[in-house]
S.K.: 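Before we start, here is the structure in question, set down as structure tokens.
Read the numbers this way: they start at 1 and go in the same order the structure lists the ligands and their atoms. For the single chain, residues carry numbers from 1 onward in sequence order. Atoms considered below: every heavy atom in the structure, side chains included; atoms not considered: hydrogens, waters and symmetry mates. As the structure is a prediction and not an experimental result, all values here were calculated from the model.
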Amino acid sequence: MVRGRYAPSPTGDLHLGNLRTALLAWLFARREQGQFVLRVEDLDQPRVRASATQSMLNDLRWLGLDWDEGPGVGGPYAPYTQSERLEIYEIYLKRLQNADLVYPCYCSRAEIVHAASAPQQGAEDGPRYPGTCRYLTTRERSQRERMRRPSLRLRVPDESEVAFTDLVMGPMTQHVQQAVGDFIIRRSDSIFAYQFAVVVDDALMQINQVVRGADLLSSTARQILLFQLLGFPIPTFAHVPLILDATGKRLSKRDGSTGLAPLRAAGQTPQHIIGQLATSCSLQPNGTLLTPHQLLAVFSQHRYGIMRTE
Ligand code: GLU
């Protein structure tokens with residue numbers, strides 16, 4: 001049984017790009033008669049907006065997307081909101097610590113940028129971590145502890161070449177130690193890192209199909225490594241293209257890209273929006289009006305490769 005999910009962060013209203021990803025994740029799961037889980041990824045509390053969760057859920061429901069487990073529905077793997085799962089993350093952090101796979105890091109961002117010999121090409125997450133704090137002595141650690149609260153980094157093995165086949169993007173390989181280095185699993189402000197929490201949640205919620213935006217393709221090798229180190233089965237991945245604005249920049253909640261509210265106010269119906277989203281990934285001709293279930297019938301006939309065309 002396929003178990004897919006959509007896992008938005010409530011940092012603002014969902015824009016059309018987020019909604020298209022949600023729709024595609026729903027279609028991928030439903031075309032296999034699979035289950036669909038909704039999870040609220042609100043760990044980064046400083047960036048969370050109070051009303052955003054409710055309006056995200058309202059928008060998804062208004063469009064006609066449903067979920068079998070998640071907020072408002074419950075389910076066997078509750079809670080489905082990350083900020084209510086901190087004790088669970090502690091357990092899995094302990095597991096990594098017990099295996100000596102975690103160490104404290106006292107570097108500031110500026111120090112890491114400075115220490116990196118060459119900036120990592122195309123890395124969205126900054127330069128590779130050169131391992132500065134990996135081999136500190138106990139004495140050095142306690143000295144630094146007095147100056148700064150540490151983040152926690154995963155000791156990425158040297159043999160960390162990860163290969164996977166993305167359902168949309170095709171075969172991918174990344175050598176995690178060479179490309180990213182030891183990465184953060186808990187930040188210095190004690191917030192669990194996305195990379196870590198998402199793996200624990202996908203594993204415990206029995207997710208075996210991850211469909212999400214292509215901006216997260218570069219995180220996938222790190223996550224597969226964590227699945228392996230924690231002894232969890234690895235899901236299949238499908239990274240779907242992001243919607244770009246007229247200037248070729250991807251939509252962003254931060255830039256206030258259009259959410260549903262103005263479209264709804266202008267009289268657009270869910271069928272209009274689903275039609276537009278379907279057109280934008282070449283699933284329907286321009287001007288079609290349809291529900292997610294009507295689109296599902298079409299989507300079930302398509303190969304995943306269709307998503308490559310905008
Ligand atoms: N919470 C992440 C976001 O909103 C998505 C995480 C994921 O799908 O793995 O960008």
S.K.: Would R31 count as a cation-pi partner of F299, with NZ or CZ less than 6.0 Å from the six-membered ring centre and within 45° of the ring normal?
M.R.: yes

S.K.: Do Y135 and T132 have side chains that get closer than 4.5 Å, going by heavy atoms?
M.R.: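 The answer is no; the side chains never approach within 4.5 Å.
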
S.K.: Distance-only check: which donor-acceptor pairs under 3.5 Å involve side-chain atoms of residues 162-169, not counting sequence neighbours?
M.R.:
residue, atom, partner, partner atom, Å
D166, OD1, V168, N, 2.9
D166, OD1, M169, N, 2.8
D166, OD1, H239, N, 3.1
D166, OD2, H239, N, 3.2
D166, OD2, H239, ND1, 2.6

S.K.: Looking at R5 and D201, is there a salt bridge between them, counting it only when a charged N and a carboxylate O are closer than 4.0 Å?
M.R.: no

S.K.: Can you pull the residues with any heavy atom under 4.0 Å from ligand 1?
M.R.: R5, A7, P8, S9, E41, Y194, V198, R212, L216

S.K.: If you measure from the Lys or Arg side-chain nitrogens to the Asp or Glu carboxylate oxygens, is any gap between D42 and R85 under 4.0 Å?
M.R.: no

S.K.: Are R148 and E111 close enough for a salt bridge, meaning some N to O gap below 4.0 Å?
M.R.: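 Yes.
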
